[in-house]
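So the structure is just underneath, and the comments pick up after that.
Order of the sequence lines fixes the chain letters, A, B, ..., with proteins taken first and strands second; residue numbering starts at 1 for each chain.
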Amino acid sequence: MVAVRLPDGSSQQLPDGASSADLAAKIGSRLAKEAVVAEVNGKIVDLTLPLSEGDTVRILTKKDSEALEVLRHSCAHLMADAILRIFPNAQLTIGPVVEDGFYYDIYLPEGKITQEDFPKIEAEMANIVKGNHPFLRCAATFDEANEHYARYRAIDGGHNKFKTEIIQDIKDRGENLTFYKHGEFIDLCRGPHVPHTGWLKNVKLTKVSGSYWRADAAREQLIRVYGTAFFTKEELDDYLKFLEEAKRRDHRVLGEQLELFMMEDVAPGFPFFLPKGAILWNTLADYMKGIVRRSGYVEVKTPLIMSEQLWHTSGHYDNYLENMFFTKLKLRDEKDPSKILDNVAEERPMAVKPMNCPGHALVFKHRLRSHRELPFRIAELGLVHRRELSGVRHGLFRVQAFTQDDAHLFCMPSQIEEEIMRLMDFFKEMYSAFGLDDFRVELSTRPAKSIGSDAVWNEAERALKMSLEARNMAYQLNPGDGAFYGPKIDFHIRDSLKRSWQCGTIQLDFSMPERFGCNYVGTDGAKHTPVMIHRACFGSVERFLGILIEHYAGAFPLWLSPIQAVVIPVSDKFLGYAESIYLKLSGAGLRTEINRKDDRLGYKIREASLQKIPYAIVVGEKEVESSTINVRSRDEGELGAMSLDAFVDGLKDWRK
RNA sequence: GCUGCUGUAGCUCAGUGGUAGAGCGCGUCCUUGGUAAGGACGAGGUCAAGGGUUCAAAUCCCUUCAGCAGCUCCA
């Protein structure tokens with residue numbers, strides 16, 4: 001008999017050689033049915049693994065996130081099996097679990113796997129699922145690895161060089177080899193797996209893409225087939241619905257439909273804001289500026305183009321060169337003006353700024369500063385340009401020119417804590433204005449390679465922690481993940497689809513003030529170097545706007561809506577009255593349009609609805625006679641007839 | 001940057017070597033309407049750009065540019 005311990009502290013006696021499955025059965029038939037894998041002494045293992053005296057055992061069911069990962073990993077095997085049946089020449093490489101599913105990287109000597117093959121593969125998978133084949137763990141010695149398993153297709157008769165390479169690595173690490181078998185399929189795998197293939201009913205292939213063996217572009221090109229899986233059909237359906245919903249909210253599509261912005265081939269990665277998008281952009285900027293002014297900042301404007309020399313001083317030239325735009329000089333040939341000399345070397349080469357901090361350091365340095373001026377807070381909606389690799393540009397999310405809601409706070413180390421707390425309040429207020437109250441915070445501390453004294457780092461990290469705690473902010477600690485020049489706090493906000501976006505950042509910097517020779521006169525009359533705090537709340541106005549478009553699905557709250565109301569005459573006869581209403585609403589400060597088209601009312605309502613305009617104001621014979629308007633709200637439906645004044649008075653939160 | 005796919009009217013897309021298409025949008029006219037699509041007619045394209053193959057190229061080949069998906073990068 002062996003005795004094992006359970007999570008609740010109790011213990012169970014089991015016969016020798018008993019497994020977690022036996023344990024589950026002993027505890028209850030329901031648990032036996034729901035058990036997926038077991039956690040034994042902190043390690044996730046198969047239910048079939050025999051237990052030893054004194055083991056601590058936790059039975060995992062579909063409620064445990066670790067169990068879902070096991071399920072998905074088993075699905076990777078299932079998919080690999082199906083693919084090998086359809087593509088007998090395929091060679092398997094690796095098939096891990098990722099955040100919302102799994103993939104398998106496959107080497108195909110010729111041909112390809114596309115989305116069109118998915119139904120076939122999925123049908124084959126469904127067949128294998130029906131077989132309820134148990135997943136069997138097989139241990140092997142290295143000598144056996146090629147011989148013993150040669151007959152199985154998974155390692156291609158022992159000629160699959162990818163698996164051979166992996167086996168060699170395992171050998172080098174001095175670990176044991178294990179294979180997992182279900183039906184006729186066998187694959188090199190650490191495990192664990194679900195009990196049998198019958199668990200893998202709710203699986204779906206999602207996409208296919210290219211990848212490389214060992215993520216090395218010099219090595220073999222592989223085909224990566226992605227899939228996802230859940231324990232229940234409902235969860236799978238919910239996930240697929242989520243994907244649909246995310247697609248429906250894609251800001252690039254809504255940007256086109258709502259005429260917010262456009263892209264042009266002549267300016268890849270540089271969005272053009274159309275009139276309605278410009279209203280959104282400006283509304284965000286105005287809102288930010290208002291809060292900045294009330295929060296003790298001074299606003300500045302610094303140049304877009306400055307000498308290359310500045311970027312040597314800041315260190316960006318050394319570390320950020322590839323992402324910077326540089327200016328080039330062109331001249332006409334003095335003798336032949338029709339000839340243009342390209343790429344002429346400038347005596348003072350210039351660079352387009354990728355960041356605002358050096359400019360702000362210069363502003364600080366403009367004159368001698370007293371400790372009485374600290375903290376000195378410099379803000380700027382600063383337009384920065386950054387070169388991006390061609391494959392990474394993405395709508396408003398990844399562009400080559402964007403506006404940071406940037407600020408730099410110059411302060412004494414003793415002021416850090418107070419400033420961080422103020423920033424937390426600032427960020428919280430900003431995010432909640434957009435209904436983004438769900439966010440999480442990460443604190444990253446000193447990395448191995450860093451500058452600055454222990455004393456300053458310790459003080460800074462202490463100050464960050466204290467401020468987070470003082471504001472009751474739960475945070476995730478990322479030890480060693482800070483910048484080389486200082487620790488930082490990152491804000492990740494969750495949108496209405498619960499997707500996480502990194503927006504705000506607060507970074508302490510012990511390097512830049514030093515590099516630029518920024519200092520202030522202390523109470524002692526001597527010069528001291530201040531600490532610099534970089535901070536951005538939206539991050540990039542453009543990207544934040546993209547996030548908002550998806551967050552609201554284009555149906556912006558009244559204060560943000562590019563067009564807040566549209567006046568719709570029932571027919572041309574009432575255009576005059578409509579004009580007068582339009583003028584009054586515009587005069588009251590409401591962004592209003594009038595629909596002058598010769599269409600039926602229903603059609604114009606539909607248009608207003610598709611454009612997600614908060615209010616449609618309908619005017620016809622009845623309204624003219626009673627001097628009223630008839631209001632239809634995007635969110636609340638028909639509100640009926642009312643006076644224009646009553647409508648305007650009843651508007652809530654239409655300015656911030 | 002890498003791999004794969006794509007680029008045809010303002011938008012979404014059909015068109016596999018032989019006269020350039022549809023729906024929506026746009027314009028004109030009819031209609032003068034009551035809360036999500038009334039009707040008729042019409043304008044609109046260097047088929048991404050450049051090169052090649054061919055009697056003939058939107059269509060086949062090459063190069064470049066751009067977009068999409070994923071990877072990688074960046075944070």
Side-chain angles (χ1 to χ4, degrees), chain A residues 98 101 103 105 108 111-116 206-226 247 250 252-253 255-259 262-270 274 319-320 322-323 354-355 386-395 397-400 404 442 444 478 481-483 488 490-492 501-505 507 534 536 539-540 543 566 568-575 595 597-613 615-624 630-634 637-641:
Chain A
V98 288
Y103 68 79
D105 276 350
L108 264 190
K112 55 187 178 183
I113 299 175
T114 68
Q115 302 243 0
E116 279 89 70
T206 50
K207 58 201 169 197
V208 60
S209 81
S211 69
Y212 297 105
W213 174 236
R214 300 265 145 110
D216 182 350
R219 302 290 306 267
E220 291 81 355
Q221 170 79 38
L222 309 172
I223 297 165
R224 180 169 295 179
V225 185
Y226 286 86
K247 212 166 156 190
D250 190 317
R252 292 166 302 181
V253 176
E256 171 72 42
Q257 284 168 358
L258 304 180
E259 296 195 288
M262 65 174 193
M263 295 291 185
E264 280 286 324
D265 276 8
V266 294
F270 299 94
L274 298 169
N319 298 308
Y320 211 64
E322 292 80 3
N323 292 291
M355 298 192 188
R386 298 181 185 176
R387 279 186 188 280
E388 295 286 1
L389 293 175
S390 63
V392 305
R393 298 192 290 250
H394 185 96
F397 288 163
R398 195 80 175 264
V399 292
Q400 299 204 99
Q404 290 181 307
E442 292 183 8
S444 301
N478 295 334
D481 219 24
K488 62 172 184 174
D490 292 319
F491 289 73
H492 299 255
W501 307 91
Q502 194 197 315
C503 288
T505 181
Q507 305 184 0
H534 307 249
S540 142
R543 178 167 174 273
V566 57
I568 303 176
V570 170
S571 78
D572 288 356
K573 282 194 287 193
F574 313 107
L575 249 177
N595 190 332
K597 286 187 214 164
D598 177 22
D599 282 316
R600 294 191 127 77
L601 175 62
Y603 193 86
K604 290 190 271 197
I605 293 286
R606 176 183 147 85
E607 263 185 327
S609 175
L610 290 176
Q611 285 295 306
K612 302 178 197 280
I613 298 171
Y615 292 103
I617 311 287
V618 177
V619 292
E621 192 165 359
K622 285 182 265 179
E623 289 71 27
V624 172
N630 197 299
V631 181
R632 183 196 168 100
S633 154
R634 175 191 68 197
E638 271 187 72
L639 301 181

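Here, B:G23 and B:U19 have their C1' atoms 23 Å apart, quoted to the whole Å. B:U6 and B:U63 are spaced 16 Å apart, taking the P atom of each and rounding to whole Å. Nucleotides B:A22 and B:U64, compared at atom C1', are 32 Å apart to the nearest Å. Here, B:U3 and B:U72 have their P atoms 15 Å apart, quoted to the whole Å. With P as the reference atom, B:C60 and B:C24 are 30 Å apart, rounded to whole Å. The same atom, C1', is picked in B:G38 and in B:U32; the two are 12 Å apart, to the nearest Å.
The residue A:Asn630 sits close to a base: some heavy atom pair falls under 4.0 Å. A:Glu621 comes within contact range of at least one nucleobase, with a heavy-atom separation under 4.0 Å. Residue contacts shown for A:Glu623 include a base, since a base heavy atom lies under 4.0 Å away. Within the nucleic acid shown, A:Gly602 comes within 4.0 Å of sugar-phosphate atoms alone, with no base atom in reach, counting heavy atoms only. Note on A:Arg393: only backbone sugar-phosphate atoms sit closer than 4.0 angstrom, heavy atoms only; bases stay farther off. At a threshold of 4.0 angstrom between heavy atoms, the contacts of A:Arg224 are confined to the sugar-phosphate backbone, with no base atom among them. Residue contacts for A:Tyr226: at a heavy-atom cut-off of 4.0 Å it reaches the sugar-phosphate backbone alone, with no base atom in range. Note on A:Arg634: nothing from the nucleic acid sits closer than 4.0 angstrom, heavy atoms only. Nucleic acid contact class of A:Lys622 (heavy atoms, under 4.0 Å, all strands): base.
If you check B:A22 for Watson-Crick or wobble pairing at under 3.5 angstrom, you find it paired to B:U12. In this structure B:G33 sits in no base pair that meets the Watson-Crick or G-U test at under 3.5 Å. Searching all strands for a Watson-Crick or G-U wobble partner of B:A66 with both distances below 3.5 Å returns B:U6.
For A:Arg252, taking side-chain heavy atoms from C-beta onward, the closest of the listed nucleotides B:U32, B:C68, B:U35 is B:C68. Taking every side-chain heavy atom of A:Glu638 into account, B:U35 is the closest of B:U35, B:G1, B:A75. Relative to the side chain of A:Arg632, the nucleotides B:A66, B:U72, B:A36 differ in distance, and B:A36 lies closest. Comparing atom distances between the A:Val618 side chain and each of B:C71, B:G67, B:U35 picks out B:U35 as nearest. Ranking B:G34, B:A36, B:U72 by closeness to the A:Leu601 side chain, first place goes to B:G34. Comparing B:A37, B:G33, B:A69 by their nearest atom to the side chain of A:Arg606 picks out B:A37.
Regarding contacts with the backbone of B:A75, every side-chain N or O of A:His492 stays at 4.0 angstrom or more from both OP1 and OP2. At least one side-chain nitrogen or oxygen of A:Lys597 sits closer than 4.0 Å to the OP1 or OP2 atom of B:C26. Neither OP1 nor OP2 of B:C73 sits under 4.0 Å from any side-chain N or O of A:Arg398.
The side chain to side chain contact (heavy atoms under 4.5 Å, CB included) test applied to A:Glu264 returns A:Met262, A:Val266, A:Phe272, not counting sequence neighbours. Under the rule for a side-chain hydrogen bond (donor to acceptor under 3.5 Å, both in side chains), the partners of A:Thr505 that lie at least two apart in sequence or sit in another chain are A:Asp490, A:Gln507.
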Atom pairs under 3.5 Å, N or O on each side, protein against nucleotides 29-31 of chain B: can you list them with distances?
| unit_1 | atom_1 | unit_2 | atom_2 | d |
| --- | --- | --- | --- | --- |
| B:C30 | N4 | A:Asp598 | OD2 | 3.4 |
| B:U31 | N3 | A:Asp598 | OD2 | 3.2 |
| B:U31 | O4 | A:Asp598 | OD2 | 2.6 |

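Side chain of A:Gln404 to main chain of A:Met355: no donor-acceptor pair is present (N/O by atom type, distance under 3.5 Å, no hydrogens or angles). With A:Lys597 contributing its side chain and A:Lys604 its backbone, the two residues share no donor-acceptor pair below 3.5 Å. For A:Glu607 (side chain) and A:Gly602 (main-chain N/O), no donor-acceptor pair under 3.5 Å exists by modelled atom type. Judged purely by atom type and a 3.5 angstrom limit, A:Arg634 uses its side chain to pair as donor or acceptor with the backbone of A:Lys612.
Within the 4.5 Å cutoff, no side-chain heavy atoms of A:Glu623 are placed close to those of A:Phe574.
Checked options A:Leu639, A:Ile617, A:Ile605; the residue passing with A:Arg632 is A:Ile605 (criterion: side chain to side chain contact (heavy atoms under 4.5 Å, CB included)).
Heavy-atom neighbours of A:Glu621 CD from other residues, nucleotides or ligands within 6.0 Å: at or below the threshold of 12.
Regarding A:Leu222, its CG atom lies at a distance of 22 Å from the P atom of B:A69, rounded to whole Å.
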